[in-house]
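Below, chain A is the first sequence line, B the second, and so on; all start at residue 1. Since the structure is predicted, the reported quantities are computational estimates derived from the model, not experimental observations.
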Amino acid sequence: MSKQFPTRAQDYSAWYNELIVKADMAEHSAVKGCMVIKPYGYAIWEKMQQALDKMFKDTGHVNAYFPLFVPKSLFEAEEKNAEGFAKECAVVTHYRLKTDPDNKGKLIVDPEAKLTEELVVRPTSEAIIWNTYKGWIQSYRDLPILINQWANVVRWEMRTRLFLRTAEFLWQEGHTAHATREEAIKETEQMLEVYAHFAENFMAMPVVKGIKTANERFAGADETYCIEALMQDGKALQAGTSHFLGQNFAKAFDVKFANKDGKLDYVWATSWGVSTRLMGALVMTHSDDQGLVLPPKLAPIQVVIVPIYKGEEQLAQISEKAEQIKKSLLAKGISVKYDDRDTQTPGWKFADYEFKGVPVRIAIGPRDLANGTVEVARRDTKEKKVYAMDGLEEQVENLLNEIQQNLYQRALDFRNANIHKVDSYEEFKKVLDEKGGFLAAHWDGTSETEQQIKDETKATIRCIPLNNKQEEGKCILTGKPSKQRVLFARAY
RNA sequence: CGGGAUGUGGCGCAGUUGGUAGCGCACCAGUAUGGGGUGCUGGGGGUCGCACGUUCGAGUCGUGUCAUCCCGACCA
């Protein structure tokens, strides 16, 4: 492993890219804009999936799967949605290759095999799903439909970055159908809460819950709720969205139901999603110049045990103890790896697990064996302590909780310290350039003002926080009256 | 799509005025080690992104081309 790993201060972007690759999370693939998620990175994603999936199930949702391809005619049905995604769609036009008659051993697209209708590779699944729901819904008795899908989607981005923006990415998308507007809004808000809970309690990443302005709203939604996080470099990152789709898709796909009075009405819809982008968020929330830092709740390996020994006999003695410790930790539901490979030295292992963000490391050597102790090191603070072997599992359990807490608190302190109230456009620009972070500022509520600020500063309104404090003020750009501050930031 | 850069063993790089490739890490074998990326000895592996051209001779010069990365516009 290279020793000249860039620091965050030197080059945050390079730090991020190299960290992902060197921590063995992912790498660039042979396909432009697409990454290979490696086992270690995928294991983190699986932990995220498990936690989220349970929360979805606990709130009454079920999983299903819909096709990767969307016929163009369906895709274009909801105009705003189609328009919003049109410029980043991959399109399948043919279904066969054949040997090139002019170039032996090479293949060409068979011109005879042109599809009568092009297939859009889903950038999101509203269209195909609502076309399907049409056949499932006749009566209010068929509602609600509460479905989630774990899938891949493709958005042909011009510029990509590992996890943060890849042409193909993994996500989950919930698509629900309801009899009333109120119920759909309640669902939208509920899922936002689920996301916020996941971000804060599993990722240890504080988020601001809010709603998007019209400019930033999901194409085809009436309202977009979001959770916004702040990365270490002062840029914001949209970590999850929950959309109230109104009756837009029901109208586009003619999905009506008979209510209790026998009257026909269009179905109300929501959709909500989080993606592998959260992996990037995780990295940019906690990791440091020594590599990845993982919150215990999402770490594939929570505790690693490293033996320090001379000779096989000593290893056997240490292994016996180590296996005992491993067992007692496993019994507490803690994931443990005992790394007794003799192909790497202890120091090498220390550095390696540190780089990969394993929250707790236990080292056992002959000295410990004699004293009935172990050396315990925590990744978040780099602190090392000697613990007695007796009752170690409780200690480690507590330590993991403490680390989880500490990471959250650290991130929260950072986030709070980087919400800056600004009251003039000059101050806005100055703070944005010098400090970054969220800027709480008054805005006159118009798209034009938002757009102008974006054009001039690259900062966008990340959200209007929920339960936002109401106060009289003047728009920083136009000086027009404003009733509340909104959060601006430069964003990923 | 605009700007910048880079393509040389698995990875990271060097390669002077053109004379058919070298270093570090990794890898393999042996050996001594083992409380923070271990030392020593020996070993295997590349035809220099691709094409064309200049030349007696091209990693090196020229033209073209492809790819990737970074910055920006677009976006989760």
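A ring-centre distance under 6.0 Å is not found for A:Phe253 and A:Tyr133. For A:Phe85 and A:Phe218, the distance between ring centers is under 6.0 angstrom. Ring centers of A:Trp171 and A:Phe169: under 6.0 Å apart, within the cut-off.
With a 3.5 Å ceiling on both atom-pair distances, the Watson-Crick or G-U wobble partner of B:G42 is B:C28. Nucleotide B:G53 forms a Watson-Crick or G-U wobble pair with B:C61, both donor-acceptor distances falling under 3.5 Å. The pairing partner recorded for B:C69 is B:G4, the criterion being a Watson-Crick or G-U wobble arrangement whose two distances lie under 3.5 angstrom. Searching all strands for a Watson-Crick or G-U wobble partner of B:G12 with both distances below 3.5 Å returns B:C23.
A:Leu237 comes within 4.0 angstrom of nothing in the nucleic acid, heavy atoms only. Contacts of A:Gln238 with the nucleic acid, taken as non-hydrogen atoms under 4.0 Å apart, involve only primed sugar atoms and P, OP1 or OP2. Within 4.0 Å (heavy atoms only), A:Lys458 reaches sugar-phosphate atoms of the nucleic acid but no base atom. At the heavy-atom level, A:Lys349 lies nowhere under 4.0 Å from the strands shown. At the heavy-atom level, A:Phe218 lies nowhere under 4.0 Å from the strands shown.
At most 12 non-hydrogen atoms from other residues, nucleotides or ligands lie less than 6.0 angstrom from CD of A:Glu320.
At a cut-off of 3.5 angstrom, counting only N and O atoms as typed in the model, there is a donor on one side and an acceptor on the other between the side-chain of A:Asp368 and the base of B:G35. Applying the 3.5 Å distance criterion, the base of B:G36 shares a donor-acceptor pair with the side chain of A:Glu354. The base of B:G36 lies outside donor-acceptor range of the side chain of A:Lys382, with no N or O pair under 3.5 Å. Under 3.5 Å, the side chain of A:Arg361 and the base of B:G36 form at least one donor-acceptor pair of N or O atoms.
You'll find the side chain of A:Met279 reaches within 4.5 Å of the side chain of A:Met48, heavy atoms only.
Inspection of the A:Asn152 and A:Glu168 side chains reveals an N or O donor paired with an N or O acceptor under 3.5 Å. Side chains of A:Lys382 and A:Gln290: a donor-acceptor N/O pair is present below 3.5 angstrom, by distance only.
Nearest-nucleotide positions on RNA chain B for A:Ser275 and A:Gly33 put A:Gly33 closer to the 5' end. Nearer the 5' end of RNA chain B, as judged by each residue's closest nucleotide, is the contact made by A:Thr343, out of A:Ser13 and A:Thr343.
Put simply, A:Arg159 has no side-chain N or O that comes within less than 4.0 Å of OP1 or OP2 on B:A73. Contact annotation: A:Lys87 side-chain N/O to B:C74 OP1/OP2 distance is not under 4.0 Å. Contact annotation: A:Thr345 side-chain N/O to B:U33 OP1/OP2 distance is not under 4.0 Å. Dashed line: the shortest gap from a side-chain N or O of A:Asn17 to OP1 or OP2 of B:C70 is under 4.0 Å.
Here, B:C11 and B:A26 have their P atoms 15 Å apart, quoted to the whole Å. On the P atoms, B:G19 is 34 Å away from B:G3, given to the nearest whole Å. The separation of B:G15 from B:G34, taken at their P atoms, amounts to 41 Å, rounded to a whole angstrom. Comparing B:C25 with B:A14, their C1' atoms sit 15 Å apart, to the nearest whole Å. The C1' atoms of B:U16 and B:A21 are separated by 14 Å, rounded to the nearest whole Å. One P atom belongs to B:G49, the other to B:U8, and the distance between them is 6 Å to the nearest Å. Using C1' as the reference atom, B:U54 and B:G18 are 11 Å apart when rounded to the nearest Å. B:A67 sits 28 Å from B:C27 when the C1' atoms are compared, rounded to a whole Å.
If you measure from atom NE2 of A:His28 to atom P of B:U68, you get 11 Å, rounded to the nearest angstrom. If you take CD of A:Gln290 and C1' of B:G37, they are 13 Å apart, rounded to a whole angstrom. Between A:Ile20 atom CD1 and B:C11 atom C1' there is a gap of 18 Å when expressed in whole angstrom units. Atom C1' of nucleotide B:A5 and atom CG of A:Asp11 are separated by 14 Å, given to the nearest angstrom. Atom CD of A:Glu312 is separated from atom P of B:U33 by 14 Å (rounded to the nearest Å). Atom CD of A:Glu18 is separated from atom P of B:C70 by 11 Å (rounded to the nearest Å). Here B:A76 presents its P atom at 19 Å from CG of A:Leu162, a figure rounded to the nearest Å. What separates NZ of A:Lys385 from C1' of B:G35 is a distance of 19 Å, to the nearest Å.
Of the candidate nucleotides B:G36, B:G37, B:G35, B:G37 has the atom lying nearest to any side-chain atom of A:Trp348. The side chain of A:Ala351 sits closest to B:G36 out of B:G36, B:C74, B:G34.
For the pair A:Lys326 and A:Tyr338, the cation-pi test (distance below 6.0 Å, angle within 45°) is failed.
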